[in-house]
Amino acid sequence: VDTQHEVSVRLAPRYASVQHSLIIQTREQVWREYRGLIKALEICRVNLSEALDLYNFLRDVRAALEWNHSLSDEMNYRELARTLVAAEILLQDHRGCKARMDAREADMNSVLDIGRRLIKHKHSSADRIRALCKQLTLSRSQLFEQWFEVMEKLDLMVEVYQWARDANLAEAWVV
């Protein structure tokens, strides 16, 4: 396009008025088309960037929700301890779940920040993004609530087994 523009600038003065005006009209038409093409490419670039941001957000949300679900299942489907040692091991494992949740907190906040940024920039899928952010926040809070409930049960279980052990020791000492 630049080459054609330079050639038309050089050639236009060499021709008569009819051909001169035809060269200028053609040059102007090419420039208009070229600017239109540049604008269309910019729109495509913005749309592609928006789609990529949405794709990355959806991928991260799905991964976060799956991780929350798998940890929830892990906390729900443990066998009950039958001894004090087993109960203490379950308690330590459960504390390990909390450590994993805390370690993953930055990732969860990052996903939510991306969602907020997309909503703030009025992404075309803002309603869907808002719903997924709410779903992730709800899932996260339910996971923390579940962790505390299971922790209370495990603490109680350890106390009961300790009491039973102490009662057996006291009984043996008395007899």
Q: Write down the atom of Ala64, the atom of Met108, and the distance for their closest heavy-atom approach.
A: CB-SD, 3.6 Å

Q: Please determine if Lys98 and Asp102 form a salt bridge, counting it only when a charged side-chain N lies under 4.0 Å from a carboxylate O.
A: yes

Q | Co-membership, hydrophobic cluster, residues Leu118 and Tyr55, 4.5 Å side-chain | A | no

Q.
Please report the interatomic distance CG(Leu84) to CG(Leu91), rounded to the nearest 0.5 Å.
A. 10.5 Å

Q | Joint cluster assignment, Tyr77 & Met151, ILVMFWY side-chain distance < 4.5 Å | A | no

Q | Minimum heavy-atom distance Arg140-Asn68, with the two atoms named | A | N-ND2, 3.8 Å

**Q.** Partners meeting ring-ring contact (aromatic ring centres under 6.0 Å, His included) with Trp147 (sequence neighbours left out)
**A.** His94

Q) When rounded to the nearest 0.5 angstrom, what distance separates CG in Asp60 from CG in Asp107? A) 8.5 Å

**Q.** Shortest non-hydrogen separation from Ala81 to Ala87 and the atoms involved
**A.** CB-N, 3.3 Å

Q | Inter-residue atom distance Leu48.CG - Leu52.CG, 0.5 Å rounding | A | 7.0 Å

Q. For Arg128, does the CZ atom sit with more than 12 other heavy atoms under 6.0 Å from it, leaving out its own atoms?
A. no

(Q) Rounded to the nearest 0.5 Å, what separates atom CD in Gln29 from atom CD in Glu33? (A) 6.0 Å

(Q) Please list all pairs meeting salt bridge (Lys or Arg N to Asp or Glu O under 4.0 Å) that have one or both residues in residues 39-57, counting only residues at least two apart or in different chains. (A) Glu42-Arg45

Q. Taking the side chain as C-beta and beyond, is there a heavy-atom pair between Arg117 and His121 under 4.5 Å?
A. yes

Q | Heavy-atom pair of closest approach, residues Leu54 and Ser125 | A | CD2-OG, 3.6 Å

Q: Write out all pairs satisfying salt bridge (Lys or Arg N to Asp or Glu O under 4.0 Å) with one or both partners inside residues 67-91, taking only residues at least two apart or from two chains.
A: Glu74-Arg78, Glu74-Arg100

Q: Would you check, one step at a time, whether the test side chain to side chain donor-acceptor pair (under 3.5 Å) holds for Asn76 with Gln146?
A: CA-CA 9 Å; Asn76 276 337; Gln146 180 184 1; 2.7 Å; yes

Q | Same cluster (ILVMFWY, side-chain, under 4.5 Å), Val150 and Leu80 | A | yes

Q.
Just so I know, are the side chains of Met75 and Cys97 near enough to count as touching, which here means a heavy-atom distance under 4.5 Å?
A. yes

Q | Note, Ile43 side chain near Asn47 side chain (heavy atom, < 4.5 Å) | A | yes

Q.
Can you tell me how far apart CG (Asp93) and CG (Leu154) are? Round to the nearest 0.5 Å.
A. 9.5 Å

**Q.** Set of residues satisfying side chain to side chain contact (heavy atoms under 4.5 Å, CB included) with respect to Leu65, sequence neighbours excluded
**A.** Val61, Gln135, Leu136, Ser139

**Q.** Pairs meeting criterion side-chain hydrogen bond (donor to acceptor under 3.5 Å, both in side chains) with involvement of residues 156-167, two or more places apart
**A.** none

Q. Taking only residues two or more places apart in sequence, or in another chain, which ones meet Glu145 in a side chain to side chain contact (heavy atoms under 4.5 Å, CB included)?
A. none

**Q.** Spatial distance of atom CG (Leu112) from atom CG (Leu132) [nearest 0.5 Å]
**A.** 10.5 Å

Q | Residue pair Ser141 / Leu138: nearest heavy atoms and the distance that separates them | A | OG-O, 2.9 Å

**Q.** Minimum-distance pair of heavy atoms, taken over all atoms of Phe57 and Val111
**A.** CE1-O, 3.5 Å

